[in-house]
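Scroll down for the structure; my scribbles are underneath it.
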Amino acid sequence: MYKLLFVFIISLFIGCNKDVLPKPKAYLNLNYPNKEYVKLTSKRPYSFEVASKATIKELPKNWLKIKYPSLKASVDITYRPINKNLRELLIEAEKLVFEHAVKADNISNTEDYSNIQNKVYGKMYLIYGDAASQVQFHVTDSVKHFLKASLFFYTKPNYDSILPAIDYLKKDMIHIMETLKWTE
């Protein structure tokens, strides 16, 4: 009994050498490059300004993939000519947005976008939650052209973790909408 008490007292003194302190709070340090834009140089039925730090991958059918390697993200641009099927294209674009409703906490659309001078009319959707795509928009001239853009990350969606990157890239997508011009 005395031996057990002796071992307990010694272990009490040995085990209490240092004060135990909680870990200090860490602060997230996100450094995004400053915004600089350049005009899209590829020959397409549309043009717009894109972030200079992004890389462009040209795809068939006048489609594009705007890659942001440092953020492990891309904005996928799909283009479709209108052949008396504007209603179907609009329904398809909204259907693609609402397919994310299974994983999304909320889906909201911003105000309708309208640039009368360039004949660009559209709508942007913000998708909150762990969905595959967090920002999407579509624009059209209502007669000849229809363009859709979707933001994707090359990682398992964790909305809280990627929210700063979503906000950063959403500004680029808005800039695409604002500088879009039909070239044909």
| request: Would you mind reporting whether L169 and L71 have side-chain heavy atoms less than 4.5 Å apart? | output: yes
| Do V75 and M173 come within less than 4.5 Å of each other through their side chains, counting heavy atoms only? | yes
Hey, can you pull the donor-acceptor pairs under 3.5 Å for the side chains in residues 146-160, sequence neighbours left out?
| from | atom 1 | to | atom 2 | distance (Å) |
| --- | --- | --- | --- | --- |
| K148 | NZ | Q136 | OE1 | 2.5 |
| K148 | NZ | S150 | OG | 3.4 |
| Y154 | OH | S74 | OG | 3.0 |
| N158 | ND2 | S161 | OG | 3.4 |

| Side chains of D172 and Y68: does their closest heavy-atom pair fall under 4.5 Å? | yes
| task | May I ask you to check whether over 12 heavy atoms, not counting those of K57, lie within 6.0 Å of atom NZ? | result | no
| Are F98 and L96 connected in the hydrophobic side-chain network, where two residues link if heavy atoms are under 4.5 Å apart? | no
| request: Could you tell me which residues satisfy side chain to side chain contact (heavy atoms under 4.5 Å, CB included) with S108, sequence neighbours excluded, listed by chain and number? | output: L126, Y128
| Would you say Y79 and I91 are hydrophobically clustered, going by side-chain heavy atoms of ILVMFWY under 4.5 Å? | no
| Is I82 close to V143 at the side-chain level, that is, under 4.5 Å between some pair of heavy atoms? | no
| message | Is it the case that the side chain of D167 and the backbone of A165 share a donor-acceptor pair, with hydrogens and angles ignored and the cut-off at 3.5 Å? | response | no
| field | Shared hydrophobic cluster for Y113 and Y37 (ILVMFWY, side-chain gaps under 4.5 Å) | value | no
| Looking at CE of M124 and CD1 of I176, how far apart are the two atoms once the value is rounded to the nearest 0.5 Å? | 8.5 Å
| request: State the NZ-CG distance between K119 and L180, to the nearest 0.5 angstrom. | output: 13.5 Å
| request: Look at the side-chain heavy atoms of Ile, Leu, Val, Met, Phe, Trp and Tyr, link any pair under 4.5 Å apart, and say whether F137 and L90 land in one connected group. | output: no
| request: Over all heavy atoms of both residues, which pair between P81 and L89 is shortest? Give the atoms and the distance, please. | output: O-CD1, 4.2 Å
| query | Taking only residues two or more places apart in sequence or in another chain, which ones pass salt bridge (Lys or Arg N to Asp or Glu O under 4.0 Å) with E58? | reply | R44
| query | Can you find a pair of side-chain heavy atoms, one from V139 and one from W182, that are under 4.5 Å apart? | reply | yes
| task | Apply side chain to side chain contact (heavy atoms under 4.5 Å, CB included) to I116 and list each qualifying residue two or more places apart in sequence or on a separate chain. | result | S114, Y121
| Does one hydrophobic cluster hold both I174 and V120, with members joined at side-chain heavy-atom distances below 4.5 Å? | yes
Which side-chain N or O atoms in residues 45-56 pair as donor and acceptor under 3.5 Å with protein atoms at least two apart or in another chain?
| from | atom 1 | to | atom 2 | distance (Å) |
| --- | --- | --- | --- | --- |
| Y46 | OH | N62 | O | 2.5 |
| E49 | OE1 | H175 | NE2 | 2.8 |
| S52 | OG | E36 | O | 3.3 |

| request: Could you pull out all residues at least two apart from K123 that satisfy side chain to side chain contact (heavy atoms under 4.5 Å, CB included)? | output: E94, N109, D112, Y125, H138
| said: Just verifying a value: how many Å separate N118 CG and T179 OG1, rounded to the nearest 0.5 Å? | reply: 9.0 Å
| message | Looking at every heavy atom in both D141 and H145, which two are closest together, and how far apart are they? | response | OD1-N, 2.8 Å
| said: Name the residue from V97, I166, V135 that meets the side chain to side chain contact (heavy atoms under 4.5 Å, CB included) definition with I127. | reply: V97
